[in-house]
Protein chains: 4
Amino acid sequence: MASRGVNKVILVGNLGNDPEIRYMPSGGAVANITIATSESWRDKATGEQREKTEWHRVALFGKLAEVAGEYLRKGSQVYIEGQLQTRKWQDQNGQDRYTTEVVVQGFNGVMQMLGGRQGGGQGMGAPMGGGQQQQGGWGQPQQPAAAPQQNFAPQQQQSAPQQQAPQQPQQQYNEPPMDFDDDIPF
Amino acid sequence: MASRGVNKVILVGNLGNDPEIRYMPSGGAVANITIATSESWRDKATGEQREKTEWHRVALFGKLAEVAGEYLRKGSQVYIEGQLQTRKWQDQNGQDRYTTEVVVQGFNGVMQMLGGRQGGGQGMGAPMGGGQQQQGGWGQPQQPAAAPQQNFAPQQQQSAPQQQAPQQPQQQYNEPPMDFDDDIPF
Amino acid sequence: MASRGVNKVILVGNLGNDPEIRYMPSGGAVANITIATSESWRDKATGEQREKTEWHRVALFGKLAEVAGEYLRKGSQVYIEGQLQTRKWQDQNGQDRYTTEVVVQGFNGVMQMLGGRQGGGQGMGAPMGGGQQQQGGWGQPQQPAAAPQQNFAPQQQQSAPQQQAPQQPQQQYNEPPMDFDDDIPF
Amino acid sequence: MASRGVNKVILVGNLGNDPEIRYMPSGGAVANITIATSESWRDKATGEQREKTEWHRVALFGKLAEVAGEYLRKGSQVYIEGQLQTRKWQDQNGQDRYTTEVVVQGFNGVMQMLGGRQGGGQGMGAPMGGGQQQQGGWGQPQQPAAAPQQNFAPQQQQSAPQQQAPQQPQQQYNEPPMDFDDDIPF
DNA sequence: TTTT
DNA sequence: TTTT
């Protein structure tokens with residue numbers, strides 16, 4: 001709660017992929033997203049236009065994670081305010097590895113969807129996502145269900161899919177999104 | 001020069017070690033520092049006070065690197081504004097590894113020494129640094145060891161006054177913290 | 001609690017005066033401070049060094065106001081994170097007037113004292129403040145004059161130790177700047 | 001160029017009106033915009049949803065002013081990074097008045113249009129603006145003319161209307177947008 | 001005066 | 001992997 005020093009990251013960029021939502025044993029949501037920021041400049045030597053994209057790992061917790069899971073999609077533009085956090089983990093060779101993420105959590109964390117609601121529309125039969133791409137904005141809630149106001153309600157079973165499927169052996173990314181899950185080997 | 005998106009990191013913390021200064025083939029300086037920020041909170045379960053320190057790698061370039069090398073020391077408190085950058089490199093096994101740093105460079109980068117000049121001065125014969133620890137402030141300018149001084153501008157001599165005048169006992173603080181006698185407009 | 005948009009101000013500067021503390025009918029504290037930031041540059045035309053100081057009105061609320069009242073003094077260096085707020089009021093002629101302030105409040109507000117504890121201590125009989133100027137750091141806790149102390153929590157007594165023990169000559173710095181002996185992970 | 005202290009404002013919000021562009025005697029552009037940020041919360045007492053909008057005066061200079069003038073419109077969503085500046089001026093009664101603005105200028109200033117290009121489309125015959133309202137995004141350039149790369153070129157006559165009409169006696173806002181123009185009475 |  |  002108290003802190004000595006300031007540790008703040010501010011990002012505005014677009015998601016490289018749909019958010020990955022997981023749930024902690026406590027039931028709290030975690031959303032992992034990657035955000036691209038880019039810079040472009042004219043190369044002094046060659047005179048040609050160059051561009052470099054920086055990719056940022058962002059982990060959102062709690063309510064912000066749920067909102068991210070519902071509204072953000074690949075391509076969505078967001079404002080993020082969080083803090084830098086470096087996690088230590090062991091790779092398959094037992095070697096220490098470090099991963100740095102922007103953690104968006106608690107009262108210091110901010111996530112703002114930018115660009116206004118986009119795409120979608122009333123009476124849209126099929127859920128968006130089948131290869132379509134939105135342009136910066138944010139979409140329709142993913143699981144609007146019958147009662148949208150229940151999205152943040154206690155009964156998170158609906159949105160806690162790992163309870164039905166506690167193991168995801170097929171999970172292929174070999175770097176930990178966050179160290180809350182004890183036994184994940186990476 | 002142009003950029004799409006925002007990639008900004010703001011840190012206030014203390015250096016874990018003296019800066020490491022290197023020079024690029026171009027002659028430009030690079031300073032690597034590690035900055036600690038910490039958070040403390042009361043554990044709800046055990047009721048005891050807990051603290052976690054986060055360490056940040058920071059790389060400063062150009063003039064800010066030179067200033068860091070001259071004035072910052074282990075323990076110095078700084079304000080840093082830079083951007084996140086993740087570098088890819090190969091370890092000894094040829095495996096891809098990634099390191100994330102806060103890069104402080106060009107016009108977007110900011111480095112401000114905090115806490116006012118401290119320690120040093122008063123006929124201190126030996127350069128500070130032999131295990132001593134200053135509390136937050138920043139020190140006397142220090143010559144960049146074996147580093148090529150031609151990298152520095154001519155007036156650098158003036159700003160390293162301890163060479164001509166190693167002792168300035170009268171110099172308490174020759175830089176006012178602020179013009180407090182300005183007419184505050186409210 | 002929710003917000004559309006971002007409204008954030010970050011200041012690092014020195015106080016132009018001692019904080020002015022007031023208490024709201026509710027008992028909550030409000031601290032008004034003025035912070036100076038300055039920029040200096042070389043005038044292209046005349047070639048001379050110029051400097052401009054900008055003064056910022058800052059209003060802190062709640063616990064941060066209490067901390068400001070206890071520890072900040074004229075000259076103290078602080079990091080402030082708050083939001084812009086413009087108040088409308090009527091002058092004596094009934095004309096509308098506007099005042100813009102940086103409001104530091106609630107969970108989005110941050111106030112960090114910079115530069116480490118300073119001055120005070122060492123058998124100083126009288127409370128600091130009689131025209132002296134500290135250089136950046138923050139001082140000994142000070143009793144809030146005629147202010148209602150019931151606003152403060154019980155453990156406040158402990159944090160105002162100079163009442164029971166006005167002199168602590170042995171107390172140089174009883175708060176470490178940072179755990180430098182932590183294992184820095186890189 | 002150098003600075004002691006940090007003076008930084010970050011805003012994300014929507015324009016309340018089209019930008020007002022003016023040109024200084026030097027030919028440099030100035031854009032004045034107002035940005036809204038808002039917060040909403042549930043009133044504890046009444047239980048009803050409440051919202052408060054904060055309006056920010058923002059002054060952009062130079063190239064960013066030109067970009068603002070071309071692409072931003074009423075309703076556009078922007079990210080702004082600038083610094084607080086309070087100007088003193090005299091009202092018609094000769095009384096001192098102060099106006100605080102967010103100044104976006106030089107290398108520290110940032111203006112990012114959010115939400116992606118909107119409206120418009122290829123072969124759009126009529127320029128947007130006739131009372132239409134865009135939703136957050138930014139539009140077609142206002143005066144794409146024949147040579148878009150001339151927008152920032154010396155011949156700014158096209159976009160320096162005050163040269164043809166040096167006086168704007170009809171100008172009704174009685175508070176100065178910025179103090180570069182000597183004789184404006186407000 | 002904007003947005004949701 | 002995103003956006004322009």
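Since we're looking at a predicted model, the values are computed, not measured. Letters A, B, ... mirror the listed sequences (proteins, then strands); counts begin at 1.
- The line from OG1 of D:Thr53 to CG of C:Asn7 is 11.0 Å long, rounded to the nearest 0.5 Å.
- Not a single donor-acceptor contact under 3.5 angstrom links the side-chain atoms of A:Asn14 to the base of F:dT3.
- In this structure, D:Ile33 atom CD1 and E:dT1 atom P are separated by 18 Å, rounded to whole Å.
- Legend: residues meeting side chain to side chain contact (heavy atoms under 4.5 Å, CB included) with A:Ala31, ordered by chain and number and at least two apart, are A:Ile21, A:Leu60, A:Ala65, A:Ala68.
- Whole-Å rounding puts the B:Arg4 CZ to F:dT3 P distance at 9 Å.
- Atom CD of D:Glu39 is separated from atom P of E:dT2 by 19 Å (rounded to the nearest Å).
- Here the P atom of nucleotide E:dT1 and the CD atom of D:Glu54 are 16 Å apart, to the nearest Å.
- Atom-to-atom, CH2 of D:Trp138 to P of F:dT3 comes out at 14 Å; the value is rounded to the nearest Å.
- Contacts of A:Thr37 with the nucleic acid, taken as non-hydrogen atoms under 4.0 Å apart, are absent.
- Ring geometry, D:Tyr71 versus D:Trp138: the interplanar angle exceeds 60°, so the pair is classed perpendicular (tilted spans 30 to 60°).
- The CG atom of A:Leu11 sits 13 Å away from the C1' atom of F:dT2 (whole-angstrom rounding).
- The side chain of D:Glu51 lies closest to E:dT3 when the candidates are F:dT3, F:dT1, E:dT3.
- Applying the side chain to side chain contact (heavy atoms under 4.5 Å, CB included) test to C:Thr99 and every residue at least two apart in sequence or in another chain returns C:Arg57, C:Arg87, C:Trp89, C:Glu101.
- Nearest nucleotide to the side chain of A:Thr34, out of F:dT3, F:dT1, E:dT1: F:dT1.
- Whole-Å rounding puts the D:Gln49 CD to E:dT3 P distance at 19 Å.
- Rounded to an integer number of Å, the gap from CD1 of A:Ile80 to P of F:dT2 is 19 Å.
- Taking the 5.5 Å centre cut-off and the 30° plane limit, the aromatic side chain of A:Trp55 is not classed as stacked on F:dT2.
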